[in-house]
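In what follows, chains carry the letters A, B, and so on, assigned in the order in which the sequence lines appear, proteins first and then strands, with residues in each chain numbered from 1.
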There are 2 protein chains.
Amino acid sequence: MGERQRGPRERMVFSAAQLIRRDGVKATGMREVAAHAGAPRGSLQHYFPGGKEQLVGEAVAWAGRYAGKRIARFVEGLAEPLPSALFAAMVAQWTDEYDRDGFGAGCPVAAATVDCACLGDATREAVAAAFTTWRTPLAEALAGMGVPADRAGSLATLMISTLEGAILLARAERDVRPLTTVVRELGPLLDAAVARPA
Amino acid sequence: MGERQRGPRERMVFSAAQLIRRDGVKATGMREVAAHAGAPRGSLQHYFPGGKEQLVGEAVAWAGRYAGKRIARFVEGLAEPLPSALFAAMVAQWTDEYDRDGFGAGCPVAAATVDCACLGDATREAVAAAFTTWRTPLAEALAGMGVPADRAGSLATLMISTLEGAILLARAERDVRPLTTVVRELGPLLDAAVARPA
DNA sequence: TCGCTACTATGACCACTGTCATAGTCGGCT
DNA sequence: AGCCGACTATGACAGTGGTCATAGTAGCGA
């Protein structure tokens, strides 16, 4: 992911997201985040006076924005503007990572959703907002491909749900097959939703 | 779920699954499991000499068997033996729970998958096995409905992936809409896979 | 140079975790 | 009765967590 050498604050948010998506929220320690970011421990309470909850919230929000921005990039890179191709590109990002780096990490937003109980409600709202900032541009991209407006939102939900679940299965089985399977099975359904011009 | 008043050992496994699916693996303490099960703390080391890893492994395995057995029940209860109806029944179990008890809990297997890093590899293998004991009867049920054998497995993966992801979204947004959406959108695709007799 | 602000650096605190060790209790078998 | 195994009941331990308190440093405007 885009690890620009920005200030230590952004590095800590980025590191938090990395560690959360690998170990979960509860298992990720504040000290560990600082060490991973190469930042001093004292900076934690300076930049994040709200404590762990604030840090996790910002990491989740960062992940949501990242996913949302990726949608536009994917659409630009498509040979044909078909929903199935967009979905394939979204999934390919994960198969590539798993082939390259192993199955150690998942989606940070999913991790925060699963164990947001160890933090307050603010974390849960951050998770909900992250999914929204992901789904909204996805639905708009589908609409731009000719999917009727009333179905674009539903298909965006379906795509994100299926992707998240397939990531889960792939991590569990340490095999990218769930990811490739859902791309193959879901593709025709997605393309069938475009209003054919001809 | 079927909380029969069996021995304290089974109660602890059941309680572990309950707490894990609500708070995650790392956030669930051994003492908390014992208290939730109404079992003495000393029984933990007696029944689970392998420690937390053993307890979590058995809880995950229990959840996998539970999900697998539910498939047969769902098939029996269907008015029409259609894949979409089976999927709707699987999802309805979650919408019912969320309508009734709130969005506090998710799938224990998913929770264990997300933060299995705090335990050894045995937990990860238990998670993979749990998904297998869930998908196998599901694929067989689809085959029994007329889905060709080579697609039954793929559709089972798709159904589980989509369900797990929709559970995730529903918990994040505290709304059952993702669940109902995927049922509506995925249903036609599932039914289209049955080899029509006529 | 002073003084102020941003940031860094450590140490301490308390709560809590998983695990172990040691007794204690109860029931049934001989 | 006597004994033994299964199970229960506590206490302690070492480790780690997040957070707070306090002090130190660097840069910069006046």
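Judged by closest nucleotide on DNA chain D, B:A39 is the one of A:V25 and B:A39 placed further toward the 5' end. Heavy-atom distances to DNA chain D give each of A:E53 and B:G42 a nearest nucleotide, and the one nearer the 5′ end belongs to B:G42.
Cluster annotation: B:L78 and B:M90 are assigned to the same hydrophobic cluster (Ile/Leu/Val/Met/Phe/Trp/Tyr, side-chain heavy-atom contacts under 4.5 Å, transitive).
Going from atom CD of B:E32 over to atom P of C:dA15 covers 18 Å, rounded to whole Å. As rounded to whole Å, 18 Å separates atom C1' of C:dC20 from atom CZ of B:F48. For the pair A:L119 CG and D:dG17 C1', the interatomic distance rounds to 12 Å; values are reported in whole Å. Rounded to whole angstrom, the span from the CD1 atom of A:I20 across to the C1' atom of D:dG17 amounts to 15 Å. If you measure from atom CZ of A:R11 to atom C1' of C:dT8, you get 13 Å, rounded to the nearest angstrom. Protein atom CZ of B:R9 is 14 Å distant from nucleotide atom C1' of D:dA6, rounded to whole Å. C:dA21 atom P lies 16 Å from atom CG of B:L44, rounded to whole Å.
Proximity note for B:Q45 (side chain, C-beta onward) versus C:dG18, D:dG17, C:dC20: the nearest is C:dC20. Counting only heavy atoms from C-beta on, A:H46 has its side chain closest to C:dA6 among D:dC7, C:dA6, D:dT10. Between D:dA21, D:dT19, D:dT8, one nucleotide has an atom nearer to the side chain of A:M30 than all others, and that is D:dT19. Side-chain proximity of B:K52 to the nucleotides C:dT17, D:dG11, D:dA21 is greatest for C:dT17. Checking C:dT19, C:dA9, D:dT8 against the side-chain heavy atoms of B:P40 singles out D:dT8 as nearest.
Between the side chain of B:R41 and the base of D:dG11, a donor-acceptor pair under 3.5 Å is found.
Of the possible donor and acceptor atoms, one in the side chain of A:R21 sits under 3.5 Å from a partner among the backbone N and O of A:G106.
Considering CD of A:Q93 and OH of A:Y98, their distance stands at 10.5 Å, rounded to 0.5 Å.
Using modelled atom types and a 3.5 Å distance limit, the side chains of A:S161 and B:T162 yield no donor-acceptor pair.
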Next item on the list: Could you please spell out the steps behind the side-chain contact (heavy atoms from CB on, under 4.5 Å) verdict for A:Y47 and A:V13?
Entry: CA-CA 10 Å; A:Y47 290 115; A:V13 173; over 6 Å; no
